[in-house]
Peer 1: 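Take this structure first; my questions come after.
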Amino acid sequence: MGQYQTRFGSMADYAKGGVAIINDDPKNYVFSNVFEVAEKSAPWERVAVAKNFEYVIEAARAEGTSPWYACAHDEFVLVMDGQVEVHLLKPATPLVDAGQQGAVELADMPDGAKMGRLVLERGHQGLLPAGSAYRLHADNVSCVLIQTIAGPVTVQKWADICQS
Amino acid sequence: MGQYQTRFGSMADYAKGGVAIINDDPKNYVFSNVFEVAEKSAPWERVAVAKNFEYVIEAARAEGTSPWYACAHDEFVLVMDGQVEVHLLKPATPLVDAGQQGAVELADMPDGAKMGRLVLERGHQGLLPAGSAYRLHADNVSCVLIQTIAGPVTVQKWADICQS
Amino acid sequence: MAILESATAAAAAKPLSDNVVTHAEVGPIDNATGYRTFTAGDFHFRRDEYFARITWPAGGSHVAPIDAFLRALMRDVAWGFFYGTVNFDDVVGTVNHYGEVTLFAGTYNDAYRDAGRDFSQRFPSEVLGPLFKEMITDWTNAGYDPFAAPMETGVPWGAKNGSNLEAVNRVRVAARRMVGLPGDTPVRTDDNGFPVNRMFADVDQRQPLVEAEPGFEGEVSAYNLFGYLSRSDVTWNPSVCSVVGESLFCPTSEEFSLPVDHGNDRCEWFITLSDEIVWDIRDKVTGRPRAKLVAKAGDVSCMPADIRHKGYADKRAMLLVWENASNRIPEMIAAGEAPNVSVTW
Amino acid sequence: MAILESATAAAAAKPLSDNVVTHAEVGPIDNATGYRTFTAGDFHFRRDEYFARITWPAGGSHVAPIDAFLRALMRDVAWGFFYGTVNFDDVVGTVNHYGEVTLFAGTYNDAYRDAGRDFSQRFPSEVLGPLFKEMITDWTNAGYDPFAAPMETGVPWGAKNGSNLEAVNRVRVAARRMVGLPGDTPVRTDDNGFPVNRMFADVDQRQPLVEAEPGFEGEVSAYNLFGYLSRSDVTWNPSVCSVVGESLFCPTSEEFSLPVDHGNDRCEWFITLSDEIVWDIRDKVTGRPRAKLVAKAGDVSCMPADIRHKGYADKRAMLLVWENASNRIPEMIAAGEAPNVSVTW
Ligand SMILES: [Fe+3]
Ligand SMILES: [Fe+3]
């Protein structure tokens, strides 16, 4: 007593809550758990766990090295479990249209200037700036959330992840 | 601030609340005010302001000297305003049947032994013991409540006293 | 508390109902909070730093702020489940059957009932009563008095920290005939531990003049009721001051808000003796608001048998609660013969 | 608070509705309590030692315990009436029309509405907002912080006794792009007045490794969000930490209970970042219970647009509230085109 233990979740150790219905449909609450989603997804599969019109929050299993992505607008990455390295690059020429929503996967590392590197641990939030290209890397299986707009790489598999 | 004023009512100075209806009938609350009842009643009229099966609480305007009463069971008098003197007498012979409910008005002062005298001011509660006879007196207009059973002297005039 | 001993004794002599649940259990001490858990039938009770958490079968659960919960539990314990329904809040409460008691969740809440999510179990009073008593004892920390007004006590929050046995074990006060009579409940004084409350500092403390002739000292009697009430150390806790048969004058001093929503099973009368009390009146069964009552000194009102009521007083007020403790009434209620309002015109 | 400045500015430029009420008045100081009274249209507000007392025409009145009322009022003021409906309790609250605001009594309560006892008036936000601001300022005493958790502040009871301007005037925190970027909202440290909360003493405070190449220092950026939240001095008060267009990450730290019942006018998402929060979900219009949600670290849930929600946390928890602040949404809501749930499958 007096010593509080803050309970963060991890892929190895999470407890999932849920919806108890009095008079409603559980599907209305689109209830999932990011660690469970990451656990059951392929590496770097960017699974939408929340969506509000065009905007999404993606949860991803961070494992090994991701593809390169480019995005016309800001995105943010939040590490929920593990450690994730972010490499940022300023492309020599624009890789996506200015109006393009969401991240676009690139076939290869693009030409451009090195912007820098972030090493994010649990609870750290990093900027993936508009107009840059980025790649993520995790030595050990980790879990990230990405604040972005639904785009070509966003996976929507609600029936698989949500309480119904 | 810090100095609290306890607001007792009096016949000269009372404020009446009331029932505000959301979805109900105000008559369900049998709402009255003892000072208003006493104000509008004849001296020593014992007006029921509350009733629960056979039991009642009577409110009376105490003014001058009351008749003599006898009662087979305990009654209690509570002075709400002013000052009231109670004279108690042990009748030489029983004046009312043992099963008689409520007070009975006597034509005259009965024979018997003097039991004693109470001088009650606001907030004082006195016992009117079973089997005794009693008479009340108030030099100035006062107000009393009597805890008793409905009987021959109890006046029920609910329509006159209650919010509807 | 205004239930006659005789009523409880009579009820205890009856055989138990068929559907009665007798399982009650005090659980172990929680490592994190230091509080015990409690089980009554299929209801489970747990407290943490801020809340009482109640669960029941089929996923039923309820979270109640611990301050409100303890204040309500304290009354339910001290009153022996009182008359009728004691709603701790909009979800959880008890119904007194006098000898047996129903513990319920959602039963008196429209939405829970309509959705079929209400749950209740019936216990012998002598099973649930002691369990609740242990709960209030374990869950009340040092310095907190669930009977006191908010400005006159500490806070109930936090992990287990001592106890306040004196507060939770107060014996109920019930005069047999009248306060102040020889051998009956004594008047209150500074000396016997009842100083005048700060909000009643202006209340006249003089006792009435009593002149008894020799031999009548035991019957010629009076006392200062307002003075007596000004020295009450508890709030929203009626105590019997005078008795005519089954008619009980149960005055009490009220400050802040009534910790329960009381749904009496019979008519109950209020006479406001001082200051002002506001009452929220809601339907007993559905919980839907029905009326708002403002009661000032001298105001009389009946609480019908089909409502629940909760009161509010900013300045400590004196309230005369008038109860009819007749043993016949529960039978009349069961037979549908008891009136909702005791007076019609 | 998570309403974009642009939304408020756009709304303020619109002409006022026909039925809008512009009368608001700060009344004199009450001799007994020392508090001022407040009038907004036909609503009157008064506080005494324990309660806020609200009245409206045709005998409407409501009594709210002052602790709960101040905690709710503080949020409504600090959030600029927030999104949709802010229920102070089951009777009184506000609905934001972004530029105008409805003050209501009983409008979102089944029983009041069915009985025709609900009442509401619509005000320019710039009329009601400053009045509410003066109310929270006048009604908050020294030593009491309506934003703080119960164990971290004093009590709100009693007569007027000083003020706590620092607490009620806290400026809302809204990063324009992300916390920690040059010129944006700074990270929290001991030195700038944000010590780690006692319940988050075990949260890692190390900052991420950030290596920016020359010229990219303003864009290569990261910070410790969990550390930032562990240093929040307020509860149940979302602040913007990162912005993608109209998508706002509004994390907050939660302890005890959400002081309002929030009925959003659009979908709102919660991601529990640490510990556990229980949510009571009720129908937005009727107030009838619909669901109970237990959310643990990593749990994601959508709050549909047709409910109201109130949360409970015994251990201080980190919650990511995710809002869509789009200006188009109020128009879609008015046209009945906004979905109740943003995802179906
Ligand atoms: Fe009651
Ligand atoms: Fe909300």
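Letters A, B, ... mirror the listed sequences (proteins, then strands); counts begin at 1. In this text the structure is predicted, and so the values were computed from the model without any measurement. The figures here come from the full heavy-atom set of this structure, side chains too, leaving out hydrogens, waters and symmetry mates.
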Peer 1: Measure the CG-CG distance between B:L118 and B:L127 for me, rounded to the nearest 0.5 Å.
Peer 2: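 Answer for the CG-CG pair, B:L118 versus B:L127, is 8.0 Å.
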Peer 1: Using a strict threshold of under 4.0 Å (side-chain N to carboxylate O), is an ion pair present between B:E45 and B:K40?
Peer 2: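 Here B:K40 does not pair with B:E45 in a salt bridge, since their nearest N and O are not under 4.0 Å apart.
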Peer 1: Give a yes or no on whether a salt bridge exists between C:R177 and C:E219, defined as a side-chain N under 4.0 angstrom from a carboxylate O.
Peer 2: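 Salt bridge flag = yes for C:E219 with C:R177.
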Peer 1: Which bit of C:R316 is near chain B, if near means a heavy-atom gap under 4.5 Å: side chain, backbone, both or neither?
Peer 2: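 For C:R316, there is no contact with chain B at all, as no heavy atom is under 4.5 Å.
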Peer 1: For chain B, which of C:C241, C:G180, C:C267, C:S274 has the most heavy-atom pairs under 4.5 Å?
Peer 2: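 The candidate making the most pairs under 4.5 Å is C:S274.
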Peer 1: Any Lys/Arg nitrogen of C:D275 or C:K315 sitting under 4.0 Å from an Asp/Glu carboxylate oxygen of the other?
Peer 2: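 Yes.
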Peer 1: For the rings on C:F226 and B:H124, is their centre-to-centre separation under 6.0 Å?
Peer 2: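 That pair fails the under 6.0 Å test.
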Peer 1: Go through the atoms of B:Q156 and report whether side chain, backbone, both or neither lie under 4.5 Å from a heavy atom of chain C.
Peer 2: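 When you check distances to chain C, no heavy atom of B:Q156 falls under 4.5 Å.
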Peer 1: Count the heavy-atom pairs under 4.5 Å between each of B:V56, B:V19, B:D74, B:V77 and chain C, then report the option with the highest count.
Peer 2: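 Looking at each option in turn, the highest pair count goes to B:D74.
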Peer 1: At a heavy-atom distance under 4.5 Å, which candidate from C:P339, C:S242, C:S221 has the highest pair count against chain B?
Peer 2: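 Top option by heavy-atom pairs under 4.5 Å: C:S242.
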Peer 1: Pick one of side chain, backbone, both or neither for B:L88, based on which atoms fall under 4.5 Å of a heavy atom in chain C.
Peer 2: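 Contact with chain C involves the side chain of B:L88 alone.
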Peer 1: Most heavy-atom pairs under 4.5 angstrom with chain B, which of C:A222, C:S247, C:A338?
Peer 2: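 Of the candidates given, the most pairs with chain B belong to C:S247.
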Peer 1: Do you know which of C:S301, C:P304, C:A295, C:P214 has the most heavy-atom pairs with chain B at a distance under 4.5 angstrom?
Peer 2: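 Winner by heavy-atom pair count: C:P304.
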Peer 1: Counting heavy-atom pairs closer than 4.5 Å to chain C, which one of B:G17, B:G116, B:G123 comes out on top?
Peer 2: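 Of B:G17, B:G116, B:G123, B:G123 has the most heavy-atom pairs under 4.5 Å with chain C.
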Peer 1: With a 3.5 Å distance limit and no angle check, can you tell me whether B:S41 reaches the backbone of B:V37 through a side-chain donor-acceptor pair?
Peer 2: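 Judged by distance alone, yes, a pair lies under 3.5 Å.
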Peer 1: For residues C:E152 and C:N197, is any side-chain donor paired with an opposing acceptor at under 3.5 Å?
Peer 2: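 On atom types as modelled, these side chains qualify, holding a pair under 3.5 Å.
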Peer 1: Would you mind telling me which of B:V86, B:V79, B:N28 has the largest number of heavy-atom pairs within less than 4.5 Å of chain C?
Peer 2: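 The answer is B:N28.
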Peer 1: Answer whether the closest heavy-atom distance between the side chains of C:F82 and C:N96 falls below 4.5 Å.
Peer 2: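 No, every pair of side-chain atoms sits at 4.5 Å or beyond.
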Peer 1: Among C:A297, C:S230, C:A212, who wins on heavy-atom pairs under 4.5 Å with chain B?
Peer 2: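 Top count of heavy-atom pairs under 4.5 Å with chain B: C:A297.
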Peer 1: Can you tell which part of B:L145 gets under 4.5 Å to a heavy atom of chain C, answering side chain, backbone, both or neither?
Peer 2: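 For B:L145, the contact with chain C is made by the side chain alone.
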Peer 1: Considering only heavy atoms, which portion of B:Q147 lies under 4.5 Å from any heavy atom of chain C: side chain, backbone, both, or neither?
Peer 2: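 Answer is both: backbone and side chain atoms of B:Q147 are under 4.5 Å from chain C.
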Peer 1: Select one option (side chain, backbone, both, neither) describing which atoms of B:M80 are under 4.5 Å from chain C's heavy atoms.
Peer 2: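 Contact with chain C: side chain only.
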Peer 1: Can you say whether C:I281 sits under 4.5 Å from chain B via the side chain, the backbone, both, or neither, judging by heavy atoms?
Peer 2: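 The answer is the side chain of C:I281.
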Peer 1: Would B:Y29 and B:D24 satisfy side chain to side chain donor-acceptor pair (under 3.5 Å), going step by step from the backbone distance to the final call?
Peer 2: CA-CA 10 Å; B:Y29 299 90; B:D24 210 333; 2.5 Å; yes
Peer 1: Sort C:R206 into side chain, backbone, both or neither according to what part of it lies under 4.5 angstrom from a heavy atom of chain B.
Peer 2: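 Both backbone and side chain of C:R206 come within 4.5 Å of chain B.
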Peer 1: Under 4.5 Å heavy-atom distance to chain B, tell me which part of C:E217 shows up: side chain, backbone, both or neither.
Peer 2: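 C:E217 has no heavy atom closer than 4.5 Å to chain B.
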Peer 1: Considering only heavy atoms, which portion of C:V341 lies under 4.5 Å from any heavy atom of chain B: side chain, backbone, both, or neither?
Peer 2: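 Just its side chain gets close to chain B.
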Peer 1: Taking side chain as everything from C-beta outward and backbone as N, CA, C, O, which of these in B:I57 sits under 4.5 Å from a heavy atom of chain C? Side chain, backbone, both or neither.
Peer 2: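 Both parts, backbone and side chain.
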Peer 1: Evaluate the ring planes of C:W322 and C:F249, with Trp represented by its six-membered ring, and classify them as parallel (under 30°), tilted (30 to 60°) or perpendicular (over 60°).
Peer 2: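 If you compare the ring of C:W322 with that of C:F249, the planes turn out perpendicular.
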Peer 1: So is C:R188 actually on top of C:F194's ring, under 6.0 Å and inside 45° of the axis?
Peer 2: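 Flagged: C:R188 positioned over aromatic ring of C:F194.
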Peer 1: Counting heavy-atom pairs under 4.5 Å to chain C, which of B:E75, B:M115, B:Q83 comes out on top?
Peer 2: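 Heavy-atom pairs under 4.5 Å are most numerous for B:M115.
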Peer 1: Pick whichever of B:A20, B:S10, B:G9 has the most heavy-atom pairs under 4.5 Å with chain C.
Peer 2: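 Between B:A20, B:S10, B:G9, the count favours B:A20.
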Peer 1: Cation over ring, C:K292 on C:W279, under 6.0 Å and within 45°?
Peer 2: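 The answer is no, since C:K292 fails at least one limit relative to C:W279.
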Peer 1: For each of C:R328, C:M303, C:E276, tally heavy-atom pairs with chain B at distances under 4.5 Å, and name the one with the top tally.
Peer 2: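 Greatest number of close heavy-atom pairs with chain B: C:R328.
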Peer 1: With a 4.5 Å cut-off on side-chain heavy atoms, are C:E254 and C:Y312 touching?
Peer 2: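 No, too far: nothing below the 4.5 Å cut-off.
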